[in-house]
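Predicted model only: the values in this text are computed from it and were never measured.
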Amino acid sequence: MADRILKVNAYTTFDLLDGRVEGHGFEEEALAVLNVTAPRNDPDHVKLQLEMDNTQLDAVDPHADHVTLSAPEARELAAELEEYAGKVEAAQSE
């Protein structure tokens, strides 16, 4: 991924995931970086960051999206991920 906005290193949560950008009148696929972090000192939030490989996209300008979650919101997201991961695993084992 050239010209990245997010810092990607050995501590990045996920890099090179399959991603998709969808908008009014367009849909494109690209590699993506997804990262979860919190401030080192006195953390007061969880940050979820997503960046699509801008070399593979024509419809959107290079950018990264950030969502700030409270601890309860992060736990709610984690529970949803666990629930849906279970559904996928159950369907694949049938």
Kindly check if the number of other-residue, nucleotide or ligand heavy atoms within 6.0 Å of [atom1] ([X]) is above 12?
X     : atom1 : result
Glu82 : CD    : no
Asp18 : CG    : no
Phe14 : CZ    : no
Glu76 : CD    : no

- Message: Leu77 vs Leu69, test: side chain to side chain contact (heavy atoms under 4.5 Å, CB included). Steps then yes/no.
- Response: CA-CA 9 Å; Leu77 176 59; Leu69 304 169; 4.0 Å; yes

- Charged N-O contact under 4.0 Å between Lys87 and Glu89: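 No, this pair does not count.
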
- Can a salt bridge be assigned to the pair Glu51 and Arg4 using a cut-off of 4.0 Å between side-chain N and carboxylate O?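 No salt bridge links Glu51 with Arg4.
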
Give the minimum heavy-atom separation between [X] and [Y], together with the two atoms involved.
X     : Y     : result
Pro43 : Ala38 : CB-CB, 4.2 Å
Leu57 : Val60 : CD1-CG2, 3.6 Å
Asp58 : Glu28 : N-OE2, 2.9 Å

- Are Leu31 and Gln56 close enough, and set up right, to give a side chain to side chain contact (heavy atoms under 4.5 Å, CB included), and what steps lead you there? CA-CA 8 Å; Leu31 295 175; Gln56 296 179 308; 3.7 Å; yes

Please examine the side chains of [Y] and [X], heavy atoms only from C-beta on, and report whether any two atoms are closer than 4.5 Å.
X     : Y     : answer
Val33 : Leu50 : no
Ser70 : His45 : no
Leu48 : Leu34 : yes
Thr68 : Val46 : no

- Thr37 vs Tyr11, side chain to side chain contact (heavy atoms under 4.5 Å, CB included): CA-CA, chis, key distance, verdict: CA-CA 9 Å; Thr37 188; Tyr11 302 105; over 6 Å; no

- Query: Could you go step by step and tell me if Arg20 and Glu22 meet the side chain to side chain contact (heavy atoms under 4.5 Å, CB included) rule?
  - Reply: CA-CA 6 Å; Arg20 184 170 55 107; Glu22 182 178 342; 2.8 Å; yes

- Message: Within the 3.5 Å criterion, strictly below it, is a donor on Thr13 or Asn35 matched to an acceptor on the partner's side chain?
- Response: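 Yes - a donor-acceptor pair under 3.5 Å links their side chains.
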
- Do the side chains of Leu17 and Ile5 join up, straight or via other hydrophobic residues, at under 4.5 Å, putting them in one cluster?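 No, because Leu17 and Ile5 fall into different hydrophobic clusters, even though each may have its own neighbours under 4.5 Å.
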
